Amino acid sequence: NAGVTQTPKFRILKIGQSMTLQCTQDMNHNYMYWYRQDPGMGLKLIYYSVGAGITDKGEVPNGYNVSRSTTEDFPLRLELAAPSQTSVYFCASSYSVGMRVDQPQHFGDGTRLSIL
Amino acid sequence: GQQVMQIPQYQHVQEGEDFTTYCNSSTTLSNIQWYKQRPGGHPVFLIQLVKSGEVKKQKRLTFQFGEAKKNSSLHITATQTTDVGTYFCADTSGTYKYIFGTGTRLKVLA
């Protein structure tokens, strides 16, 4: 099993450009998450999804959009990229029953994004 | 919102010394998870603690959950250069979401 796969691994964008960060998991996990991690800092939740067709905002959703049309895929869309969005983006997934999160999260390798 | 604080923020140790990081919450935790992130890598799950006062060991790593379930600790005995990285705790008390601690960055000097 590949686990959580993120593409691309690296990307440089110009201010104002848009792009989609791809995330797919093959573990049949129902919960998926997008985090950003600025240099030397912790993880900040951008968006999460508890199943296909269901998404919700995390603590830093501004400037981002997500969709979850299938269990496997959870792409993150950046519209009108800004320098403040330079960061490492991690996608993660977990399996949960009900509302509680008591299983490990599995992370992808991350996408390192620079906006110049 | 709910926050989980970790101390210290940074720790430099000489190889062979012990290391401890502490995770503190103002509210009662349901479960606590610990993750390790190597430099340039992604967080990797280490362990989950569920019961009050629980202690679990993984080789040189000892994890403890406080009696009141408001704090947790990770202790590494005789650190090695392979222990370098950032250690995060994560509170799983929330609905749908994991609340990650601020992290402790460990550097081991050979």
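Computed from a prediction, not measured in an experiment: that's the story for all the values here. Side chains are part of it too, since the values below use all heavy atoms of this structure and drop only hydrogens, waters and symmetry mates.
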Joint hydrophobic cluster, [X] plus [Y], side-chain heavy atoms closer than 4.5 Å:
X: Val50(A); Y: Met32(A); value: no
X: Ile54(A); Y: Tyr33(A); value: yes
X: Phe19(B); Y: Phe63(B); value: yes
X: Ile76(B); Y: Leu49(B); value: yes
X: Tyr22(B); Y: Leu106(B); value: no

Please name the pair of heavy atoms, one in [X] and one in [Y], separated by the smallest distance, quoted to 0.1 Å.
X: Phe88(B); Y: Gly42(A); result: CE2-CA, 3.8 Å
X: Gln105(A); Y: Phe45(B); result: O-CB, 4.3 Å
X: Gln103(A); Y: Gln48(B); result: N-OE1, 4.3 Å

Distance check, rounded to the nearest 0.5 Å: [X] atom [atom1] versus [Y] atom [atom2]?
X: Leu45(A); Y: Tyr96(B); atom1: CG; atom2: OH; answer: 14.0 Å
X: Gln37(A); Y: Phe100(B); atom1: CD; atom2: CZ; answer: 10.0 Å
X: Leu43(A); Y: Ile99(B); atom1: CG; atom2: CD1; answer: 11.5 Å

>> Quick check for you: among His106(A), Lys44(A), Arg112(A), Met41(A), which has the greatest number of heavy-atom pairs under 4.5 Å with chain B?
In response: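 When all of His106(A), Lys44(A), Arg112(A), Met41(A) are compared, Arg112(A) has the most.
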
> With respect to chain B, which residue among Ala92(A), Gly108(A), Gly58(A), Gly110(A) yields the maximal number of heavy-atom pairs within a distance under 4.5 Å?
Replying inline: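 If we count pairs closer than 4.5 Å to chain B, Gly108(A) comes out on top.
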
> Contact part of Phe107(A) toward chain B, heavy-atom cut-off under 4.5 Å: side chain, backbone, both or neither?
Replying inline: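 Interface part for Phe107(A): both.
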
> In terms of heavy-atom proximity below 4.5 Å to chain B, should Glu59(A) be classed as side chain, backbone, both, or neither?
Replying inline: neither

> With a cut-off of 6.0 Å (strictly less than), are more than 12 heavy atoms of other residues, nucleotides or ligands near CD1 of Ile12(A)?
Replying inline: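 Atom CD1 in Ile12(A) is not packed in, count stays at 12 or less.
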
> Do Tyr98(B) and Ser94(A) have side-chain atoms, one donor and one acceptor, less than 3.5 Å apart?
Replying inline: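 Yes, a side-chain donor-acceptor pair sits under 3.5 Å.
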
>> Within the structure provided, determine whether His42(B) and Tyr35(A) are in side-chain contact (heavy-atom separation under 4.5 Å).
In response: no

> What residue, out of Gln9(B), Gln6(B), Arg105(B), Gln37(B), has the most heavy-atom pairs lying under 4.5 Å from chain A?
Replying inline: Gln37(B)

